[in-house]
Amino acid sequence: MAHKIRLQSSDGDTFDVDVEIAKQSATIKTMLEDLGMEDEDDVIPLPNVNSAIMKRVITWCTHHKDDPTPPEDDENREKNTNDISSWDQDFLKVDQGTLFELILAANYLDIKGLLDVTCKTVANMIKGKTPEEIRRTFNIKNDFTPQEEEQIKKENEWCEEK
Amino acid sequence: MVLYNNINNSDAVQQWNNLPNVVLIEIFTLLSDSDLLNTSSTCINWRRIFYHPKLWSKQRLQLKLIDRTYNLSAYRYKMQNFLLYSQLVELRFDPTQILILKEILQAFEILACNRQLKSLILRPITSSSCLNEKEQPTGPLCDKIFHLLKDVIECSPNLEELSFGCWIEALHSINDLMTILNQSRHQTLKSLHLASIKNSETHFTPDIYISSEVFSPFRALQTLSIDSTYLTENLLHCFGQSQRTPLNKLIVHVSEFRSDIVQINDSVWQTVSTNLPNLRVTVHMINAYETFRKYARILRPEMPLSHLRMYFCSSLNVDMLCYLSIHYRNTLECLDVMDSITEPALRYHNPFRTEPDPLVLLAWQCKQLTELSILGYEVLEVNLLAIAKLRPQLRTLNVCVDCVMTLQFGRLQNRHFFEDDDGEDAFVDYGHIDNYIQTIISESVGWQWRPLQKHELPIGVYEFCSPLELSCLEQIHNSFSSS
């Protein structure tokens, strides 16, 4: 019988999840191991994640439950953003708001694989775009003064010089 | 773990520009350099993240302050934003300008707080800060440089590469710097460049005594460049006689041939080559005009010579070329000779003799040869063709177009007129190469070959330039860096 634990979202809903699946989140793993919350009756509150996102995260973790542990932050990691599996690509075909919240959840729950794949997706959305196009894609307000923009243009030229 | 206000899917606008820093950095590390510049130009927060060391500290930071083209704003911007955390730093500067020197010394001060520094490469465009040829390096300047470099070295526990770029004012205290390196960096240092360009015509720098033993603790050293004064049997003993070290590149600078140069026994070179089979020696001769017999004191037959560069030595001749062909046929990869074009032009060989051209012989004998550059000497067009056919693996084949000589028989062209031994008339023409021959050469080597035009050559070839090293220092610096 698989050992399950109970996770509670910000909206108050609870989700029963296999311990091994839940432990893909380093945050949850820490809570269980260091804070001794392994009892079946214990409920782990996750006030930063709402139910909709919680469901998706659990789906992702369930699919990836047999993945090998990702390597420690490799200093020489290649800048490869083309290696997202097709399952993950489908999983991430969501509206921008959901993607945004998945990133926040992956960061808060410390799920390296999910953070990885969501960041790669965002990077792919940025590639090849001009600053203005990037702003439009992500609804970012240009909070520079015209003088600051001029300065940045110059600085960018200096950075590109060899 | 960052706590956020509860954000619902239905909230109007997600604050992408306010994602947690750690996430933004994660995303930005996946971007190319140009994408990163564009991304960081979108808003204040993302521009701030742009300066996080994780995004650029592993790329080589190149700071440039060279007369007439230097952009002080660009230099200061880079220095202030990137120098403190860069792991790899290169400083390219004109050491004769006080204002530029001030900025460089300030860079050293910042580097003295940079604990990540792995590689520091200095590339002054001339070898001395002295404006006047007759001046001596000034004491106070040398002291200041020494103290700053001492701080930099002591503060960088990961220092792997250090090049003084032949800068005399920095090498002035080389004895004391070696002591410090010996004590604190001997385990990490992989690449060390102490060679200088001593030129008794312009600067007199007395030799500084460095005992060979000071090199023994450097167990990780792979590349070392030194002046020929320090090339002694004791030094080779440190690296190649008792224990194996990873040393695979030794660069030796010869500026003058003093009568007291101690010749290294061939048996010593043999032992070194056996213990260090990957060791290759590069010899740079700068303004070292000498008889061939003196050259042979440094260029011992058993030395594993791979690169020979002779700048302004006026010494390329048959003896030299034959010697190189015989002794270095298995190791020589590069022969780079640069001399000023004179009137009458320099010749390494009498083209009217019937023996095979010694340069062609060298190209044929030296099976590892990939770079051949002969500037300032006349070269027969047909010999270039022979060289290309015999050594098609050449990646570089440089001659000045004005030095290319073609022999014409039976056609008067209002040019030179020579009589050869047989009494027949031969006409010599310069400055062009037959298109057909150029095509065949290109086909032989597999890339578009052509002789170099006047404007493509270093300044010293056509005009007298002072100091001489303006023509060749860049190439010397390049040879320090390439593996």
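Reminder, nothing fancy here: chain letters follow the sequence lines and each chain counts from 1. Because the structure is predicted, anything quoted here is derived from the model rather than measured.
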Tell me, out of A/Ile134, A/Asp110, A/Asn124, who's got the most heavy-atom pairs with chain B below 4.5 Å. A/Ile134
Is it the side chain or the backbone of [X] that comes within 4.5 Å of chain B heavy atoms, both, or neither?
X: A/Asn142; value: both
X: A/Lys141; value: backbone
X: A/Leu115; value: side chain
X: A/Lys154; value: neither

Residues 83-116 of chain B vs ring pair (Phe, Tyr, Trp, His ring centres under 6.0 Å), sequence neighbours excluded, gives B/Phe93-B/Trp167
Is chain A contacted by the side chain of B/Phe50, its backbone, both, or neither, given a heavy-atom distance below 4.5 Å? side chain
Given that the side chain runs from C-beta out, which part of B/Trp56 has a heavy atom under 4.5 Å from chain A: side chain, backbone, both or neither? neither
Search all heavy atoms of B/Ile476 against all heavy atoms of B/Cys166 and return the closest pair with its distance. CG2-SG, 4.2 Å
Nearest heavy-atom neighbours spanning A/Ile21 and A/Cys61: CG2-CB, 3.6 Å
Is it true that [Y] and [X] share a donor-acceptor pair across their side chains at a distance under 3.5 Å?
X: A/Arg135; Y: B/Asn17; value: no
X: A/Gln147; Y: A/Gln151; value: no
X: A/Ser9; Y: A/Asn50; value: no

When heavy-atom pairs shorter than 4.5 Å are enumerated against chain A, which of B/Asn81, B/Leu24, B/Asp35, B/Ile44 gives the highest number? B/Ile44
